[in-house]
Amino acid sequence: MSAKVALPILAEAKVQGNDVAIVAEGRATTICEESGLVLLIRGTDELQQFGHSQVSQVLNDYVPDVLLIGLSAPINWELEFAQVARGFKVPVVAIEDIWGGLTRLNGFVPDLALVMDSLAKRLAESYKRVLNCEIIGDIASTIKPVIPENKLGEAGRMRTLHDEGKKIILIVGDHTQNVLEIVDLVTASVRLEPNPSNFVVTHSLVHPKLVGTPEGDAILEPATRLLKGLRVEQFGGLSTDARAARAHYTATCFSTPLRIALHHGQRAISVMGPISKALLKKETGTHSYPLAASGVVPALIEPSMFDAFLWSAHDRLRRNWIEESRFQPAKAIAAISRFIES
């Protein structure tokens with residue numbers, strides 16, 4: 001699972017006197033180590049050597065009262081652990097940090113699911129993906145990007161552009177499959193504006209692991225051509241989250257920065273071309289992004305001027321959704337405790 005989702009819950013569990021141990025890979029390993037929590041297994045290389053017998057040995061040695069799993073993709077070792085835990089009669093609790101994410105369990109039904117909001121709960125229950133479901137809020141509501149001291153000038157430059165009346169739009173790629181479609185639709189929309197020079201585009205198009213690789217270059221080179229002629233600013237390497245919290249618009253299909261933007265009072269757009277729609281269906285089992293289907297954000301299906309969207313209605317629904325979806329780690333621990341004791 002995303003370390004950003006898991007760590008507040010695990011930290012709360014530890015505060016309440018529970019023993020906590022983590023299996024982590026990739027960038028999450030560093031984040032977890034810095035948290036001070038115990039890592040049983042760390043690193044992608046070690047996990048890649050794991051099979052059913054190794055997972056069984058870990059669970060047999062540690063003997064957990066509950067297994068808390070996420071829904072990572074494409075590396076989904078949680079499923080292997082969940083299947084083994086089921087055989088050991090260890091309750092499996094899944095944390096869903098994206099609507100429809102439970103589909104990544106390939107039919108495995110967790111004993112309890114912790115989901116973001118009523119939209120996620122209805123979706124999970126309608127597809128019969130859970131036995132029990134509790135709402136704990138959206139982790140993105142707690143993300144307050146810290147600006148390093150050496151980047152404060154770049155954050156200030158974003159504020160200056162705001163003050164000058166420029167519209168900053170952040171483009172975020174969900175996946176290598178749909179990123180060029182997103183860039184194409186958003187840049188075509190900017191070019192429809194009466195004054196495209198009034199827009200400043202910033203972007204986060206590929207996963208950091210792909211930067212400088214042939215796969216990453218295969219995306220960034222054509223994306224650069226699509227952006228040609230528009231004003232592009234990367235703001236000295238400010239994080240994607242930090243830019244989402246400050247840009248006028250964040251445009252992506254379903255990535256987390258869209259929700260970060262909303263929680264920081266900014267506007268967001270779900271880009272829904274045919275490739276993105278197919279990817280959304282594959283990743284979440286949904287035919288449309290729930291926040292777009294419920295009117296919290298507009299969907300960009302074809303090039304459109306941004307002022308053409310009914311922002312007053314979207315903004316009202318956004319405020320209601322933000323109120324409902326405040327993340328509460330203590331509520332997660334209470335839900336797990338109730339379930340175990342029942």
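This one's a predicted model, so the numbers in the text were calculated from it and none came from an experiment. In what follows, every heavy atom counts, from backbone to side chain, and hydrogens, waters and symmetry copies are set aside.
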Kindly state each residue pair satisfying salt bridge (Lys or Arg N to Asp or Glu O under 4.0 Å) with at least one member in residues 295-312, sequence neighbours excluded.
none
Pair R157 + E154, salt bridge at N-O below 4.0 Å
yes
Suppose we screen for salt bridge (charged side-chain N to carboxylate O under 4.0 Å, His left out). Which residues come up paired with R326, at least two apart in sequence or across chains?
E323
Quick one: list whatever passes side chain to side chain donor-acceptor pair (under 3.5 Å) with T224, sequence neighbours left out.
none
Side-chain donor or acceptor of H248 paired with backbone N/O of I168 under 3.5 Å
yes
Hey, is E134 close enough to K121 for a salt bridge, meaning N to O under 4.0 Å?
no
N195, CG: over 12 other non-hydrogen atoms inside 6.0 angstrom:
yes
Quick one: side chain to side chain donor-acceptor pair (under 3.5 Å) pairs with a partner in residues 135-146, sequence neighbours left out?
D138-R259, D138-H263
Is there a donor in the side chain of D174 and an acceptor in the side chain of S255, or the other way round, less than 3.5 Å apart?
yes
Sequence neighbours left out, what pairs pass side chain to side chain donor-acceptor pair (under 3.5 Å) with at least one residue falling in residues 264-277?
N178-S276, E181-S276, R267-D315
Before we go on, tell me: are the rings of W311 and F306 under 6.0 Å apart, centre to centre?
no
Is the number of heavy atoms from other residues, nucleotides or ligands under 6.0 Å of E149 CD greater than 12?
no
Under a 3.5 Å cutoff, is there a donor and acceptor pairing between the side chains of E324 and N320?
no
Excluding sequence neighbours, so at least two apart, what forms side chain to side chain donor-acceptor pair (under 3.5 Å) with D65?
none
